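Bear in mind the structure is a predicted one, so any value in this text is a computation, not a measurement. When reading the values below, keep in mind they use all heavy atoms of this one structure, side chains included, and skip hydrogens, waters and symmetry mates.
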Protein chains: 2
Amino acid sequence: MKADKSLLSGSTTLLVLSLLSGGDKYGYQMIAELEEKSDHTFSMKEGTLYPILHTLEKSGAVESYEKEAPTGRTRKYYHITKKGLRLLGEKKEEWASFSQAVNAVLAGSAPAMA
Amino acid sequence: MKADKSLLSGSTTLLVLSLLSGGDKYGYQMIAELEEKSDHTFSMKEGTLYPILHTLEKSGAVESYEKEAPTGRTRKYYHITKKGLRLLGEKKEEWASFSQAVNAVLAGSAPAMA
DNA sequence: TGACATACCTCGAGTTCCTAGGTATAATAT
DNA sequence: ATATTATACCTAGGAACTCGAGGTATGTCA
């Protein structure tokens with residue numbers, strides 16, 4: 001992560017679920033899309049993503065299936081479930097109130113720098 | 001932390017420095033102000049705050065001094081240094097790009113819920 | 001045939017936060 | 001007077017999370 005990696009903490013699940021709400025995707029693809037959509041601010045590592053996907057699957061938030069790519073390779077696609085969509089909704093609200101709270105604290109501090 | 005505690009990661013230093021940029025403060029006071037300014041979204045724990053203050057002091061971002069309160073108790077006040085202000089500036093930029101990136105990913109996903 | 005990109009996975013180390021405990025003093029209640 | 005609560009500081013150990021580094025396997029391209 002370029003922007004202090006520790007900021008990422010806690011938002012990874014939100015980001016993954018958000019990506020999957022836009023359609024089924026496989027792991028490697030999610031990493032690339034995150035990097036692209038965030039304009040290279042995020043670069044989630046495989047060692048981070050795969051365990052998250054496995055946890056989400058165990059909890060029923062996503063489901064996986066294998067599918068052969070045009071190239072002939074087998075990819076593991078993930079699909080977000082209704083439960084996952086509910087979870088996404090909650091995480092979005094958490095993020096909204098969290099970022100709002102941070103901005104509120106920042107607003108009360110020294111004048112914003114250029 | 002009410003909003004998924006793990007979201008806090010990485011933003012604690014930013015929040016503390018931001019508070020101190022508004023004037024010298026002591027630990028207990030910072031916890032109360034954070035809770036108030038964030039409208040009870042944050043409730044930073046002592047076990048989190050004090051080690052952070054010690055680390056910031058070791059790195060020269062803040063300085064501390066003891067001062068007797070009107071009540072007669074001794075309080076340990078922290079003052080942000082020039083180095084600390086620089087650090088605050090960096091952290092603010094990190095936060096700005098991070099939150100922007102998250103919102104960019106969210107924007108590309110399912111329609112925002114109410 | 002060898003090198004590289006794709007695609008998946010796991011383990012262990014490092015970081016960060018919190019719980020739970022401790023110490024001490026001032027204010028308040030009994 | 002004494003007990004309880006609030007203030008105010010601190011630390012150690014555990015839990016959670018991310019990442020680096022490594023492993024496996026297949027497809028592409030020189």
Collect all protein-nucleotide pairs involving nucleotides 24-30 of chain D in which both atoms are nitrogen or oxygen and the distance is under 3.5 Å.
from	atom 1	to	atom 2	distance (Å)
D:dT26	O2	A:R73	NH1	2.3

Report yes if at least one side-chain N or O of B:Y26 is closer than 4.0 Å to OP1 or OP2 of D:dC9; otherwise report no.
no
Of A:T12 and B:Y77, the one whose nearest nucleotide on DNA chain D sits closer to the 5' end is B:Y77
Only distances under 3.5 Å count here; give the side-chain donor-acceptor pairs of residues 46-54 of chain B to other protein atoms, sequence neighbours excluded, each with its distance to 0.1 Å.
from	atom 1	to	atom 2	distance (Å)
B:H54	ND1	B:Y50	O	3.3

Between A:S18 and A:L14 (side chain of the first, backbone of the second, donor and acceptor by atom type, cut-off under 3.5 Å), is there such a pair?
no
Which heavy atom of A:I31 sits nearest to which heavy atom of A:M44, and what is that distance?
CG2-O, 3.5 Å
If I take atom NZ in residue B:K76 and atom C1' in nucleotide D:dC10, what distance separates them, rounded to the nearest angstrom?
9 Å
Take the protein atom NZ of A:K45 and the nucleotide atom P of D:dC19, then report the distance between them rounded to whole Å.
5 Å
To the nearest 0.5 Å, atom CD1 of A:I80 lies from atom CG of A:L87 at 7.5 Å
Could you go over nucleotides 11-15 of chain D and give all protein N or O partners under 3.5 Å, atom names and distances?
from	atom 1	to	atom 2	distance (Å)
D:dT11	OP2	B:H54	ND1	3.3

Kindly write out the residues that satisfy side-chain contact (heavy atoms from CB on, under 4.5 Å) with B:Q29, not counting sequence neighbours, or none if the list is empty.
B:K25, B:Y26, B:E33, B:Y77
N/O donor to acceptor pairs below 3.5 angstrom from side-chain atoms of residues 63-71 of chain A, sequence neighbours left out:
from	atom 1	to	atom 2	distance (Å)
A:S64	OG	A:E57	OE2	2.7
A:Y65	OH	A:D24	OD2	2.7
A:T71	OG1	A:R73	N	3.2

